[in-house]
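Written below as structure tokens is the structure these notes are about.
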Amino acid sequence: MATVPLIDLKGQYHEIKAEIDQAIKETLENGRFILGEKVGQFEEAFAKNSRAKHCISLGSGTEALHLALRAAGVGPGDEVIVPAHTFIATALAVWYCGAKPVFVDVREDTYCIDPEKIAAAITAKTKAVIPVHMYGQYADMAPIMEIAQNENIAVVEDAAQSHGAEYKGKRGVLGHVACYSFYPTKNLGAYGDGGAIVTNDNEIAEKTLLLRNYGEKKKYEHILKGFNSRLDELQAAMLLVKLKYLDKWVEKRRAIAKDYSSQLAAAVTTGIITPREMSYGKHSYYLYVIRSSQRDKLQQHLKNERVETLIHYPTPMHKHKAFSEYNNQKFAVAEKITKEILSLPMFPELTKEEIKVVVKAVNGFR
Ligand SMILES: *Cc1c(COP(=O)(O)O)cnc(C)c1O
């Protein structure tokens, strides 16, 4: 038996090979590789898919966070609230602006920022909060928006893991701006790096447009000190093909998660916790993350049973060497869950047989 992979991107390529190959060929024939017509078409399509006014495509999800924060007015001396449990790019983006990340603990059921703990972290310097829609499930946005409105701070969503998710019947951007990544493994993945912001705010859109292209207003007329952060034409052409399948692929992820959760119900007796889907929305299952107090033993057991797993992510933000100035802080939930979480294989093309192998292996853990 072959190992069940955590993710396999080749199967998906073969499903849509003819369209992808055609898109590459067309782009090469067009001879325009930066900010061409495919970029414009993709932005229009992704804005529509997100039910938003603007989409500005960018070089990566990290850059989307960085430029969105700048466009929202974050600069040197400011503070930005970031969950203690996320991928490090969320916190690094704050750093790139010369601002300071202020970490806040997450909830044990959603793994997203705990809205009840945000208010205590707000100071006169707080400019923004970054809710991360962890593993594909929205953070509870209603109370976050209320705090942000009262405190007059920007809500910059890290939606790198949540393409296709819903919150109270809505999708796309719920705060001031939402930041997406098209890293190859994401729900909508490019064949290389890519990212985008989605917003209904004209000012944020205009500023990001300038920031991504050297602050250039008209050819060689530079009105601010910008960057070079653009989605290239080849990636846009391929993403335009893949976007058509996004909702179908997310539905498949949801069906796989449903299979997992129902078939793993018995594993509760061995202390395994399956993902909790909140009634406020629809999870898009970028990752299917279970928990066990014997995580390392479970991971070894699954490896022996030929099931590939990974930990997203093993270290809370304040415990990284890169953030050594925060090492003495304490975030109890983030510290606890990072010792217990384990991601099972999850991608739309996962077969019933593969799911069976995974389930049998987890249920066989003692
Ligand atoms: C992937 C990811 C990012 C970074 O996106 P890149 O495109 O890899 O730069 C940021 N935040 C979260 C939560 C992510 O999962």
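Since the model is a prediction, treat every value here as computed from it, not as a measurement. What you see below is based on every heavy atom in this structure, not just the backbone, and it leaves out hydrogens, waters and symmetry mates. All ligand and atom numbering here is 1-based and tracks the order in the structure.
- Counting only heavy atoms of the protein, atom 15 (O) of ligand 1 lies nearest to Gln161 NE2, 2.8 Å.
- The contact set between ligand 1 and Gly61, taken as ligand atoms under 4.0 Å from a residue heavy atom, comprises 5 (O), 6 (P), 7 (O), 9 (O).
- Protein heavy atom closest to atom 2 (C) of ligand 1, with residue, atom name and distance, is Lys186 NZ, 2.6 Å.
- Applying the 4.0 Å criterion to heavy atoms of Ala89 picks out, from ligand 1, the atoms 4 (C), 10 (C).
- With a 4.0 Å cut-off on non-hydrogen atoms, Tyr313 touches ligand 1 through its side chain and not its backbone.
- For atom 13 (C) of ligand 1, the nearest non-hydrogen atom of the protein is Asp158 OD2, 3.5 Å.
- Ring to ring, Phe227 and His66 are close: their centroids are under 6.0 angstrom apart.
- Note on ring orientation: taking the six-membered ring where Trp is involved, the planes of Phe103 and Phe323 are perpendicular (angle over 60°, cut-offs 30° and 60°).
- Atom 9 (O) of ligand 1 has its closest protein heavy atom at Thr62 OG1, 2.5 Å.
- Between Val132 and ligand 1, a contact under 3.5 Å exists for no N or O pair.
- Using bins of under 30°, 30° to 60° and over 60° for the plane-to-plane angle, the ring pair Tyr220/His222 lands in the tilted bin.
- The option with the heavy atom closest to atom 3 (C) of ligand 1, from among Tyr183, Tyr135, Phe87, is Phe87.
- Checked for salt-bridge contact, Glu335 and Lys330 meet the test: a charged N lies under 4.0 Å from a carboxylate O.
- Residue Asp193 has no nitrogen or oxygen atom sitting less than 3.5 Å from a nitrogen or oxygen atom of ligand 1, judged on distance alone.
- Near Ala160, with a cut-off below 4.0 Å to any heavy atom, the atoms of ligand 1 are 2 (C), 3 (C), 10 (C), 11 (N), 12 (C), 14 (C), 15 (O).
- For the pair Lys242 and Tyr191, the cation sits on the ring face: its NZ or CZ lies under 6.0 Å from the ring centre, inside 45° of the axis.
- Look at Arg107 and Asp140 and you find no salt bridge, because none of the NZ, NE, NH1 or NH2 atoms lies under 4.0 Å from a carboxylate O.
- Between His85 and Tyr135, the angle of the ring planes goes over 60°, which puts this pair in the perpendicular group of the 30/60° scheme.
- Ring orientation note: the planes of Tyr167 and Tyr138 are tilted relative to one another, at an angle of 30° to 60°.
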